Structure formats: structure tokens, C-alpha cells
Q: 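Sharing a structure below in C-alpha cells format, with a few things to ask.
This is a predicted model, so every value here is computed, not measured. Letters go in sequence order (proteins before strands), and every chain restarts at 1.
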Amino acid sequence: MPRDRQTSEKAAGGAPAPDTEDILKGLNPPQVEAVTHGEGPLLILAGAGSGKTTVLTRRVAYLISQGVHPGSVLAITFTNKAADELKTRIEALLGERAKGVWAMTFHSACVRILRAELPHLGRSGGFSIADDQDQTKLMKQVLRELDLSEKQYPPGGILHNISGAKDNLLGPEEYARDALTFYQTKVAQAYSLYQKKLQEQDSLDFDDLIMETVLMLQRHPDVLVKYQAKLSHVLVDEYQDTNHAQYELTRLLASAPPHNIAVVGDDDQSIYTFRGADIRNILEFERDYPECHVVKLEQNYRSTQVILDGAWHLVSNNIKRKDKRLWTAREGGLPIAIYAAQSGEDEARFVAGEVEQLVLRGVRASSIAILYRVNAQSRQFEDEFVARRLPYSVLSGRRFYERKHIKDAVSYMRLLLYPKDLVSLDRVLSEPSRGLGPAAFDKIAAHVREAGVSVADALAAAAYIKGLTAPQRKAAAEFGGLLAEVAAKAETQPLHHTMNEILERSGYLRYLDAQDPKDAQGRLEDLNEFMVSARVAHENGESLQDFLEKCSLASEQDNYDEKRESCVMGTLHSAKGLEFEAVFLVGLEEGLLPHARSVGDNHQLEEERRLMYVGMTRAKRLLCLTFSWTRQMNLGQSGVHVSRFVSEIPRELLEVRTWEG
DNA sequence: CTGGAGCGTCTTTTT
DNA sequence: GACGCTCCAG
């Protein structure tokens, strides 16, 4: 979207009630049409860089200026960062009057609804959220109990199937009923036991958050009516990436006439079918709502014509797409650069050198991005950047929370809030070692499940748990006492004090400190950073629950801060919705992009192509493609081929670069 | 039964 | 190159 518009919004501050003219300032005719559309369903087909965030922002502002209550607007985005940006920009337009808009992700919205409504339905609203590591841990337990080998039934594969079932709103019974193959019947068994285990510890996984919300709305018409009335205007960003459950959720909320649902999407940017995203949702919106109004945004405000042409030629090779072509008023542009490297290291050297040059020429480092297919590719670029002392930041908020010591710290905190969180107990019971190993854990866990008591209570009553030795009983009681004591203080004490106290008194900090110094230093630094974020959360008035929720639902982009002057590295998926002056698309090789696991299946191959399309269209002015003739794979060097996608871009748009750049 | 040392094993993409 | 898992001593 045009820069001047963004800045004028940001500069507006807490403007008083703006009139329609302000809200429509600088918009082109189709954008105005989308923003001012009245009651009823609206489909906005918005190409890359066509200003869809601006349209979404202005539409929310427009609705509120027309008298819609801010608390009645639900604007669903894909990432927390996008939600924050939406909120900030709406506030810039409307000031105080924007307070109360529901701008959040599907998952956050569902957590909010579930926490508010489950208690009225006789269920717990204090559930914990299981992330993928927790899920894997649980699934391994399930497989052990069902006597299925992990070799034959990889936990990840089973979980993928279960996730797919939940995305389609199929519970364990429905899945079992539909199971045809032998494998599926095994998955069905695992699914059923897995759900039982989740329930036992009062936990929901990511997919449950959506599915449970939908089921609740389906089963309790009174709740549905309440939310239909409350959230009278629903807007969905990145609609092409919604799965069936998410589709059903928005459909339910908007099922009362006049169906005030506005969705924004682009079928060419659908890159999440592996997660159940169904491109048909956007292609069939018109069928679901025959009366819907359709607006197409085809003017691109981001990239040069050369970049758009290259991207269009590429994506045109997809058969399953709506025909359309972006255009821009900015003609021409520099050719798309392409560099053939000798090796992965050479590729990293070249890119780092180019980045240095660009920065010298005045391009802000934070507006330069290196995008790749798989996370593992970041390493060689990181190494090169470190060697050259170039600042960079990796788009992977999740990675931070996935580090073992951070997960441990989170688990300690979770034990203070979620009384039955056995997965967390499992993590921390022997970190540091206190004489309680896996066998002791099993006994304690069994007691929690059978007696229905909390973890802290079970530990405190360790004397009654069969099979524990005297020293173990003592250690368990001590640990239980500590948990209970800190949990009680946590209610009044600042978050970061609680964190420090539990990590200190449990011996975790000392335990980390005693590790190999070269590991310990980084880990303690991470923990320090984590405690700072707890302090910030406390200062923002967040509760322990808010904080832990944020940790669970944090996403890749959340730690991307444009103000930090560092070059951005991230996967193509994580670059969704972002834009940069210069983009380096690296590792364009057969096997990487398209990924080896996608070749052979036309649908997956088309998705890989869209992924490349998304990457290319992130670039405003400079786009550079690189690949290497050899690459260090698992073991040993291997020769590779240039990605087929490169040859789908017309030669005349490309400029070949050699070693010296 | 716990806890440390060493060995194979993977690495698509994510809320 | 990080991690989980197995094996073995205490």
C-alpha cells in the first residue's frame, strides 16, 4: 500500500471523530467500494500489495463512524502482529472510539469465547493450551499405552491425521466411524485416547480451540444467538488460508441475516493447505452467499512492474486459479537479479555482500529480507552475518519458546496456574534432578488422574502414593509445598517476581548455571530476556493466564520489529503479509523449492509455486534469486538442479549476476 | 530406579 | 548440529 497513506494514519494520533472523507482519503475506487459497502456479505479479492490491510482498517473505521459499536466488530487476522497493527491503525484513525474492537487471531478469539462460556456449561474455563511439543509428548504416551511402535506409527504422522480430523470438525467417534484402512483404525484409537488424556489434564490443543468453539455454538443455540448479536460484523483477513472449522466458525457467527461478513483473500497466496486450509472457501464464497458483493483490488502499490510481471508469469502456470493480473502505476524497475552460487557458503557470502552494499547505499537494513523454504537454511546466513558483524533478526518467535530452557521455565509457570498440567510436571520434575525420575512421575500422574486432585496436592500427599521410596516422598512433598506456596503468592505478586522466585527456589537457575559455560551463558541470557518480557507483561496489566496464553499462541512474526535496524531472515511462510525494499529468495533448487516432498503431486506443486509467488511479491524494488550448484545435505555434498520455477520467469526480466555481484 | 554418558536420528511449511 | 533415546553404573 502507498507509504503516504500509512504515515498519515499513524501521524493522526488520537484524532476526534473523523468524517467519511478522512476515512476514504487516498483510496482508489474499488477500495472505496469495499470500505463503504453497506449491510450484507462482501468478498474482497485482493492481490498481493493491493492495500488490503488499508481497506480492512478503513472498513472497520467506517463501520464505527456509521454507528456500529466497536465491541461488535470482530476482525480476524492470521498473526498477532497483524492484529496489533490493525488495532494501532484503527486507533490512529478513530482514537478512543476504537477501543473494544475484537482484532485478533482465530485462536485468540476462540480462547476468549471459550474462557467466557465454558463455565456456564459446566466445564472448565481454566484450560491450558497444548503446543506441538506437548502434543507429541502426549501422543508418545498414547502409543506406548496402545502398544504401537513409534517407528511404525510416527507420532507426528498420527497427530497430523488428528489435526486434519479436527480441522474438519470430526471428533474421535466420527473419525472412527469413517476409518477405512487399518492405519486409520489405529489413528482412531490413538485419537480417542489422546483426547481422553487432554481432558484429564484440562488442556486443549490448537485445533481443539477452534473445534470446541464451533461445537459449542452448534450445540447451544442460546450461546450462538448471543455471539451473533454481540459480534454483528465479522471481517476475515487471509481468507484463502482458513480451514473448514474456521470457515464454519465465521459462517455460524454471520448466519443471521443480513450476514455482515466481509472476507479478504487471494487464491494465489494460499500456502497453508498442509494445515487444512481449503482454497475452496474463497472460490465458493459466492456460492454460499449468492447475494454477496464482490470487489476486486488489482492495482498494486508495492512492487515494480518487472517484479509483478515475473511473479505473474510464474503463477500463471497454476491451473487451479482465478485469472487475474496485477498492475501498477510505477512502470519499469530493475531486472530481477539471479545468482548461481558454487556452494551454500558462497551463496551466503554473496547475499551478505549484497546486503552490505545496499546498506551502504542507504537502504535500511530492516527493509531487506532473506527468505527461504525451510528453517534449517537460516544457519549459513546467520553464520555469515555474525562473521561480518551484520545485524539480523530471524522471523521465528516460536523458535524462542521452543528452546528447551524456555519451555522449562514456561512449564514451571504453568504448574502454578493449571492444576492438572501433567505434561508440564513431566518436563520439570527431573530438571533439576531431585530424585524423582520417569517411574516416580508415572505414579504421581496416576494419582492425579485417579484421585482427580491437583498436581500440587498430589505431591503434598506423596506419603499416600504407593511405590515411592521415603526420600522420594520427602522430595515430592517439598516440591509440592514450593508450588503451592509460590502459586498462592503469584496472585498478588508481579509476574516477573513470581517467575524469578519459582526458578530460583526450584533450583532451576543453579542447575542451568552449572551446565557447560558455553551453553549456560546463552541460556541464562534467554531466560533473562524472558523475565524482562514478563516484567513488560506485568506493566501492561497482564495476568499470569494472559502471559502464558501469549506464550502458547505466539507466532513467527511477533518478534519482528521494523524499528530494529537489522536485516530480516525467515521462511517464505513467515513472510506472509510483510513487505521489503529488497528481497533475496535463496536456495531455489529442485528439492528445496519445490520441496522434495511436494514433487509428484500436482496440488502440492502448485502450492510450492504459490509460495514462490508470495516470496517474489514481498519485494518493492529489488528482487534477487539465488541457488547453488551443490549443497551440503544430511551427509556429504550433493549436486542439485535449479528450481523449475526459475525457468518459468521470462529471460528478459532476469539479469545474471556472477561472483563479484 | 535414577541420572550421566554416548549413540543414532532426523530437518517442510505453522496457529 | 540439536535432540531424543538407549545403555550402564551407582
Q: If you compare every side-chain N and O of A/Arg597 against the phosphate oxygens of B/dT12 (OP1, OP2), does one of them come in below 4.0 Å?
A: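 Yes, because at least one side-chain N or O of A/Arg597 sits under 4.0 Å from OP1 or OP2 of B/dT12.
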Q: Specify the separation, in whole Å, of atom OH of A/Tyr511 and atom P of B/dG3.
A: 10 Å
Q: Compare all side-chain heavy atoms of A/Val455 with those of A/Tyr418 and state whether any distance is below 4.5 angstrom.
A: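 Of all side-chain heavy-atom pairs linking A/Tyr418 with A/Val455, none is under 4.5 Å.
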Q: Counting only side-chain nitrogens and oxygens, does A/Asn375 get under 4.0 Å of the OP1 or OP2 atom of B/dT13?
A: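 So the side-chain polar atoms of A/Asn375 do come within 4.0 Å of the phosphate oxygens OP1 or OP2 of B/dT13, strictly under.
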Q: Should the ring pair A/Phe547 and A/Phe530 be called parallel, tilted or perpendicular, given that the plane angle runs from 0 to 90° and is split at 30 and 60?
A: tilted
Q: Among B/dT15, B/dT11, B/dT12, which is the nearest nucleotide to the side chain of A/Ala376?
A: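 Among the listed nucleotides, the one closest to the side chain of A/Ala376 is B/dT11.
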Q: With DNA chain B as reference, determine whether A/Pro438 or A/Ile271 sits nearer its 5' end, using the nearest nucleotide of each.
A: A/Pro438
Q: Both A/Gly435 and A/Asp207 contact DNA chain B. Which one's nearest nucleotide lies toward the 5' end?
A: A/Gly435
Q: Give the rounded distance in Å between these two atoms: CG of A/Asp132 and P of B/dT11.
A: 13 Å
Q: Please report the distance, rounded to the nearest Å, between CG in A/Leu593 and P in B/dT12.
A: 15 Å
Q: Considering just the side-chain nitrogens and oxygens of A/Thr571, establish if one lies under 4.0 Å of OP1 or OP2 belonging to B/dT14.
A: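 A/Thr571 to B/dT14 OP1/OP2: side-chain N or O found under 4.0 Å.
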Q: Under 3.5 Å, is there a donor-acceptor pair linking the side chains of A/Gln240 and A/Glu238?
A: yes
Q: Send over the distance from A/His160 NE2 to B/dT13 C1', rounded to a whole Å.
A: 11 Å
Q: Do A/Phe78 and A/Tyr272 make the cut of ring centroids closer than 6.0 angstrom?
A: yes
Q: Could you give the CG-to-P distance, from A/Asp426 to B/dT2, as a whole number of Å?
A: 12 Å
Q: Please confirm whether the ring centroid of A/Phe627 lies under 6.0 Å from the ring centroid of A/His641.
A: no
Q: Anything under 3.5 Å between a protein N or O and an N or O of nucleotides 4-10 of chain C, put it in a table, one pair a line.
A:
from: C/dC5; atom 1: OP1; to: A/Lys140; atom 2: NZ; distance (Å): 3.0

Q: Ring of A/His595 versus six-membered ring of B/dT12: centres under 5.5 Å and planes under 30°?
A: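 By the stated criterion, A/His595 and B/dT12 stack.
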Q: So does A/Arg644 pair up with A/Glu590, basic N to acidic O under 4.0 Å?
A: yes
Q: Between B/dT14 atom P and A/Asn243 atom CG, what is the distance in whole Å?
A: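 Taking CG of A/Asn243 and P of B/dT14, I get 16 Å after rounding.
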Q: How many whole angstroms separate atom CZ of A/Phe274 from atom P of B/dT12?
A: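 It is 12 Å, rounded to the nearest whole Å.
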Q: Could you please spell out the steps behind the side-chain hydrogen bond (donor to acceptor under 3.5 Å, both in side chains) verdict for A/Ser543 and A/Asp546?
A: CA-CA 5 Å; A/Ser543 67; A/Asp546 297 333; 3.2 Å; yes
Q: Of the listed nucleotides (B/dT12, C/dG1, B/dG3), which one gets closest to any side-chain atom of A/Glu608?
A: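 It is B/dT12.
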Q: May I ask you to say what A/Ala596 touches in the nucleic acid, namely base, sugar-phosphate or nothing, with a heavy-atom cut-off under 4.0 Å?
A: nothing
Q: Check the phosphate of B/dT2 against A/Gln472, side-chain N and O only, distance under 4.0 Å to OP1 or OP2. Yes or no?
A: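 For B/dT2, OP1/OP2 do have a side-chain N/O of A/Gln472 under 4.0 Å.
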Q: From the options B/dG3, B/dT12, B/dT13, select the nucleotide whose nearest atom is closest to the side chain of A/His573.
A: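 Nearest to the side chain of A/His573 among the choices is B/dT13.
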Q: Tell me the interatomic distance from A/Tyr272, atom OH, to B/dT14, atom P, rounded to whole angstroms.
A: 6 Å
Q: Distance under 6.0 Å and angle within 45° of the ring axis: does A/Arg427 meet both against A/Tyr412?
A: no
Q: Side chain of A/Ser430 only, please: which of B/dT15, B/dT13, B/dG3 is the nearest?
A: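 For the A/Ser430 side chain, the nearest candidate turns out to be B/dG3.
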Q: From the options B/dC1, C/dA2, B/dT15, select the nucleotide whose nearest atom is closest to the side chain of A/His107.
A: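 It is B/dT15.
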Q: Just checking A/Arg434: base, sugar-phosphate only, or nothing, at a heavy-atom cut-off of under 4.0 Å?
A: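 The answer is sugar-phosphate, as A/Arg434 gets under 4.0 Å only of primed atoms, P, OP1 or OP2.
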Q: Any side-chain N or O of A/Lys443 under 4.0 Å from OP1/OP2 of B/dC1?
A: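 Affirmative; the distance criterion is met.
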